Amino acid sequence: MFKLAHISDIHLGPLPSLSLRELASKRITGFINWHRNRRSHMAGDTLNTLMDAIDRIDLDHLAITGDMVNLASSREIETVTAWLQDAGEPRNISVIPGNHDAYVPGAYEKATKAWYPYMRGEDAPAVWDEDFHCYPYMRVRGNVAIIGCSTALATPPFAASGYFGRRQARETVNLLRAAGEAGLFRVVMIHHPPIRGATPTHKRMIGIRRFGATISAGGAELVLHGHTHLNTVYSLRGQKMPVPVVGIASASQGPGGSKPPAGFNLFSISGSPGNWKLLRERFELNEIGRGVHLAETTRFLA
Ligand SMILES: [Fe+2]
Ligand SMILES: [Fe+2]
């Protein structure tokens, strides 16, 4: 039995004070949005409560599907680096970037360099440099292959779209096929929901159809995403049966907001190729925000 937890969109706060030059850039739009929409419900205590609950589980791996920061300033990226080091060993945690992690030009590179130990695939160089494509990466833990894709783009003000291009599609198919031939349970991480209509148009991913074709050509057992801050289950066409596509609320969302409170998915993976068993338990912050409770149980691939 392999136990995999999934959190997303930690949007780690507090929001740093920004220099005048930073405020003069596009970050100002995000700064206003953040204060208007998020501050009251995005409390650091919420994330700590979730992580405490996750720490009590005998976990094999933690998957984090992006949006680690809000405005991708250097200070926020450093805060996340420290948070990750505190959360656990790089070999036990896999991270992919979200649109907020590439909020301004240069942020994507800075974040990838800083968080690379948590995104480093098998046989990838020890230190990331800009000539090396980090994504998709594949990490094998037990009988599970974790494949991390990136949809992060530095986007214009108020846009939150993502992109899944040809090169990544091709390389992801190759990784999925190799993992399938090795008899591994394949988990694909992607920040944007690869499902038409799952987000408003300006927040969608370009390449949804390409990603769907990638999954059906390469084969996969589970797709994890974030971005919507919602607890959702969709599916994509697989090779033999539908592949579950699971989203989760923001790990920093306190109770009483317009979006569902923070939570995490706990997946229990057992069985063998052709006969995988997948149980998902979704835990959610309780009403007073001081602990979590089991909110939903779903069996997939049965
Ligand atoms: Fe987000
Ligand atoms: Fe996002």
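What you see is a predicted model, and the numbers here were worked out from it, not measured in a lab. Just follow the structure's listing: the first ligand is 1, and inside any ligand the first atom is 1.
Contact annotation: His192 places no N, O or S atom under 2.8 Å from the Fe ion (ligand 2). Among the atoms of His100, none of the N, O or S atoms falls under 2.8 Å from the Fe ion (ligand 1). For residue His229, an N/O/S atom approaches the Fe ion (ligand 1) to within less than 2.8 Å.
A donor-acceptor distance shorter than 3.5 angstrom exists from the side chain of Tyr118 to the backbone of Leu84, with no hydrogens or angles considered. For Asn265 (side chain) and Arg282 (main-chain N/O), no donor-acceptor pair under 3.5 Å exists by modelled atom type. Side-chain atoms of Arg237 never come within 3.5 Å of backbone atoms of Ser216 as a donor-acceptor pair (strictly under, hydrogens ignored).
Rounding to 10 degrees gives 90° for the angle at the Fe ion (ligand 1) between OD2 of Asp9 and OD2 of Asp67. For the pair NE2 of His191 and OD1 of Asn99, the angle at the Fe ion (ligand 2) is about 90°; rounding is to 10 degrees.
Within His227, ND1 is the N, O or S atom that lies nearest to the Fe ion (ligand 2).
Aromatic ring orientation, Tyr103 versus His100: parallel (interplanar angle below 30°, classes split at 30° and 60°).
Among Cys149, Pro194, Ser150, the one residue that satisfies the side-chain contact (heavy atoms from CB on, under 4.5 Å) test with Phe164 is Cys149.
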